[in-house]
Number of protein chains: 2
Amino acid sequence: MARTALALVDSGGLESLTMRRLATALGVQLPALYRLFGSKQELLDEMAETILAGVSARKRPTDGAGWTERLAAIAHAIRACLLTQRDGARIVGGSFAAKRHAHTLTLADTLVETMLEAGFSAERALWPCTTVFSFILGESLEQQGSAHAGDESDIAARTVDHPHLSAAHFLDFDARFDFGLRVLLAGLRAELTEEP
Amino acid sequence: MARTALALVDSGGLESLTMRRLATALGVQLPALYRLFGSKQELLDEMAETILAGVSARKRPTDGAGWTERLAAIAHAIRACLLTQRDGARIVGGSFAAKRHAHTLTLADTLVETMLEAGFSAERALWPCTTVFSFILGESLEQQGSAHAGDESDIAARTVDHPHLSAAHFLDFDARFDFGLRVLLAGLRAELTEEP
DNA sequence: ACCTGAACACCGTTCAAGT
DNA sequence: ACCTGAACACCGTTCAAGT
């Protein structure tokens with residue numbers, strides 16, 4: 001099952017996830033897994049689905065607030081789900097969104113609905129969602145990648161010839177996320193007032 | 001060499017890249033590769049570096065224009081480099097940016113310089129860059145992932161229960177990118193006027 | 001110093017054979 | 001129908017031995 005596989009990734013990283021190890025963790029023989037999933041990629045797709053299933057559970061009850069607050073709440077919830085699971089961004093990023101199942105589509109539907117209420121036309125309401133999602137996924141990929149990339153002094157050493165770069169700013173992932181989300185929300189507001 | 005490895009990925013996809021196949025493509029025995037790269041991950045890092053090295057070459061000569069035009073030109077160049085190489089987004093996304101070498105850091109330096117000229121303080125000039133880069137990486141990941149995910153009718157079938165979702169909009173990756181980049185630029189402009 | 005042959009310790013996937 | 005033993009065709013990585 002996908003939850004057992006995610007637990008294996010949590011304890012050993014994505015490269016430690018093996019069909020053989022998953023089989024023993026489930027107390028079953030290796031070929032029996034191929035009755036549950038057609039391939040390892042199908043397993044990974046279902047793991048991505050499981051990770052994103054946590055978004056609606058984690059989302060705060062901000063249904064009374066405006067669309068910016070609701071979108072920000074969903075964005076924070078998506079980020080939290082990706083970051084809570086070890087290698088979560090890599091798992092979700094490696095599984096094409098439109099191939100996934102009910103939970104992901106429900107999340108997308110909720111996002112689009114929020115943008116429709118914000119005032120975007122049906123023709124364009126999907127795009128704010130993919131923009132925000134791509135931003136979150138990219139930032140989370142970088143953040144989880146940095147965990148396996150040596151410490152801050154390594155990075156500082158590499159940036160020594162580049163006067164405009166600062167390792168401290170680079171590694172302040174919370175600030176990066178807050179900045180980017182604020183910019184995206186401001187940009188979406190501008191987009192709405194320009195073409196009402 | 002990384003360019004040979006990228007050519008292998010171009011013709012067979014990332015999963016077809018094997019140390020053994022790379023060795024024969026280079027006309028060398030398998031263990032000799034480990035004198036050039038310490039591991040396959042180091043090879044992948046250098047491949048990511050090589051992909052991003054194309055950005056400055058591809059960038060149009062817009063140095064006379066304003067910062068929005070320059071940032072947009074670099075964003076388009078990054079996207080083109082990721083999309084031109086098969087599985088380019090997965091390769092770049094799998095290699096932590098701060099671990100990479102001269103080319104990537106030069107690109108980052110150019111981006112930060114552009115944002116400094118736009119008016120961002122040295123404290124914050126890095127964050128617009130990471131925001132834009134994360135957006136481009138996430139969108140490119142989805143776009144290249146969609147190539148291996150069945151055709152449009154498959155996706156349409158899955159979205160049938162979700163009235164707000166449209167496969168046509170989902171798969172219009174150029175429109176998604178243009179929308180997101182425009183929103184980001186508008187948001188950055190707003191950020192500058194709010195805190196001068 | 002640099003390269004090779006050969007092996008080690010694994011992989012994902014399949015399938016005839018069992019129950 | 002469902003599961004297993006055993007194998008197939010590979011992997012990345014290492015290392016003593018060659019030149």
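Here is how names work: the chains are called A, B, and so on, in the same order as the sequence lines, proteins then strands, and each is numbered from 1.
A straight line from CG of Leu22(A) to P of dG12(C) spans 10 Å, rounded to a whole angstrom. Rounded to an integer number of Å, the gap from Lys40(A) NZ to dT14(C) P is 15 Å. One can place CG of Leu33(A) at 11 Å from C1' of dT13(C), the figure rounded to the nearest angstrom.
Considering His169(B), Glu142(B), Gln143(B) as possible partners of Arg176(B), the one that fulfils the side-chain contact (heavy atoms from CB on, under 4.5 Å) test is Glu142(B).
Contact check, Arg21(A) against dC11(C): a side-chain N or O comes under 4.0 Å of OP1 or OP2. One finds no side-chain N or O of Arg35(B) lying less than 4.0 angstrom from the OP1 or OP2 phosphate oxygen of dA1(C).
The partner of dA9(C) cannot be assigned: no Watson-Crick or G-U wobble pair with both contacts below 3.5 Å exists in any strand. Pair check for dA16(D) finds dT4(C); Watson-Crick or G-U wobble, both atom distances under 3.5 Å.
Ring geometry for Phe96(A) versus Phe173(B): interplanar angle of 30 to 60°, hence tilted.
Under 4.0 Å is where a charged nitrogen must lie from a carboxylate oxygen, and between Arg90(A) and Glu15(A) at least one such pair does.
Remark on DNA chain C: of its neighbouring residues Thr18(A) and Leu30(B), the 5'-side contact belongs to Leu30(B), judged by nearest-heavy-atom nucleotide.
Across all strands shown, Leu17(B) has heavy atoms under 4.0 Å from sugar-phosphate atoms exclusively, and none from any base.
With a 6.0 Å cutoff to the six-membered ring centre and a 45° limit on the axis angle, Arg79(A) counts as a cation-pi contact of Phe177(A).
Here the side chain of Pro31(A) is nearest to one of dG5(C), dT13(C), dC15(C), namely dC15(C).
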